[in-house]
Amino acid sequence: MSSFCIGLTGGIGSGKSTVAALFAEHGAGIIDTDAIAHRLTQSGGEAIEAIRAAFGNESIADNGALDRTKMRGLIFSDAAAKRRLEHILHPLIREQAKAQLQQLETHPYVILVVPLLPESPAFRQLVQRVLVVDCDENTQVARVIGRSGITEEEVRAIIAWQTPRAERLQLADDIIHNDTGLSSLAGQVAALHERYSNLHKSP
Ligand SMILES: Nc1ncnc2c1ncn2[C@@H]1O[C@H](COP(=O)(O)OP(=O)(O)O)[C@@H](O)[C@H]1O
Ligand SMILES: [Mg+2]
């Protein structure tokens with residue numbers, strides 16, 4: 001496992017997926033832990049039986065996938081339940097991320113998208129560098145409402161639940177400021193691509 005790996009994190013709606021797509025255009029390998037978590041909890045997914053054992057049949061929807069709405073409601077109001085779910089999912093996510101990292105060895109470097117990087121030392125051990133996408137909270141709210149149609153109140157609740165902005169920024173080796181347009185974003189990604197390509201080459 002020798003790929004140079006950069007952890008990409010940021011709050012909900014900050015622009016992680018958008019930034020990852022821009023890095024992919026430069027040839028970076030991309031691993032998306034949200035996508036891995038989603039697959040693990042689909043019907044027949046590797047986490048389903050462990051979730052059923054821990055949370056009961058009612059946590060699994062009729063189609064065999066995790067009942068996401070129900071689980072979100074539960075872990076929002078119950079910190080112990082949230083930890084139990086993470087205890088099931090996180091080791092599986094890390095295992096699959098490591099496997100994907102090995103398959104992406106031919107790429108100059110890999111961007112590992114991990115929203116919960118600030119909360120998780122185990123995930124930080126997988127990366128050599130931390131890149132934070134940052135933007136104003138009101139911008140986050142407007143973007144998420146535009147993307148998914150959930151209410152402002154719900155977005156603000158999720159933001160309040162995530163690691164505070166200042167704390168996240170303290171972990172950053174590099175920062176992308178995503179308060180303005182997409183062209184500024186592309187310019188920042190291009191500059192970081194140069195930096196990461198050179199870091200990868202130096203021993
Ligand atoms: N600089 C930007 N200008 C305009 N829209 C943006 C910008 N960055 C992200 N968006 C939009 O905001 C929404 C949230 O971005 P996304 O990359 O999905 O965030 P995240 O993955 O961090 O939750 C998406 O609809 C995306 O297209
Ligand atoms: Mg995303």
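Numbering of ligands and ligand atoms starts at 1, following listing order. Note that the structure is predicted; figures quoted are calculated from it, not measured.
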Donor-acceptor contact present, side-chain Asp173 to main-chain Val130, <3.5 Å: yes
Tell me which protein heavy atom sits closest to atom 19 (O) of ligand 1, plus the residue, atom name and distance to 0.1 Å. Gly15 N, 3.2 Å
Backbone N or O of Leu117 within a donor-acceptor pair of the Arg124 side chain at under 3.5 Å? yes
Please give me the minimum heavy-atom distance between Glu152 and Val141, naming the atom from each residue. CG-CG1, 3.9 Å
protein heavy-atom neighbour closest to atom 17 (O) of ligand 1 works out as Thr18 OG1, 2.6 Å
Would the distance check show the side chain of Glu154 and the main-chain N or O of Thr151 forming a donor-acceptor pair, the cut-off being under 3.5 Å? yes
If we only count N/O pairs under 3.5 Å, is Leu185 in contact with ligand 1? no
Distance from atom 12 (O) of ligand 1 to nearest protein heavy atom, with residue and atom: Arg143 CD, 3.0 Å
Could you tell me whether Arg147 approaches ligand 1 through its side chain, its backbone, both or neither, with non-hydrogen atoms closer than 4.0 Å? side chain
Validation row, ring centre His26 to ring centre Tyr196 under 6.0 Å: no
Any heavy atom of Gly13 closer to ligand 1 than 4.0 angstrom? yes
Answer yes or no: is there a donor N or O on one side and an acceptor on the other, between the side chain of Asn178 and the main chain of Ser14, under 3.5 Å? yes
Can you sort out which atoms of ligand 1 are near Gly11, meaning under 4.0 Å from one of its heavy atoms? 22 (O)
Are Arg68 and Thr41 linked by a side-chain donor-acceptor pair shorter than 3.5 Å? yes
Short version for Val144: what comes under 4.0 Å of ligand 1, heavy atoms counted, is neither
Does the distance from a Lys or Arg side-chain N to an Asp or Glu carboxylate O, for Glu49 and Arg52, drop under 4.0 Å? yes
If you count the atoms of ligand 1 from 1 in the order shown, which ones are under 4.0 Å from a heavy atom of Thr180? 1 (N), 2 (C), 3 (N)
Identify the protein heavy atom lying closest to atom 8 (N) of ligand 1, giving its residue, its atom name and the separation to 0.1 Å. Asn178 ND2, 3.1 Å
One thing to verify: whether Glu137 and Arg156 come together as a salt bridge, which I'm taking to mean a side-chain N less than 4.0 angstrom from a carboxylate O. yes
Between Lys16 and Asp32 (salt bridge meaning N to carboxylate O under 4.0 Å), is one present in this structure? no
Under the 3.5 angstrom rule, does the side chain of Arg168 hit a backbone N or O of Val132 as a donor-acceptor pair? no
What are the atoms of ligand 1, with element, lying closer than 4.0 Å to any heavy atom of Leu182? 1 (N), 2 (C), 3 (N), 7 (C)
With the Mg ion (ligand 2) as the centre, enumerate protein N/O/S atoms below 2.8 Å in chain and residue order. Ser17 OG
Should we count CG of Asp62 as having more than 12 external heavy atoms under 6.0 Å? no
Using a strict 4.0 Å cut-off to heavy atoms of Gly181, name the atoms of ligand 1 that fall inside it. 1 (N)
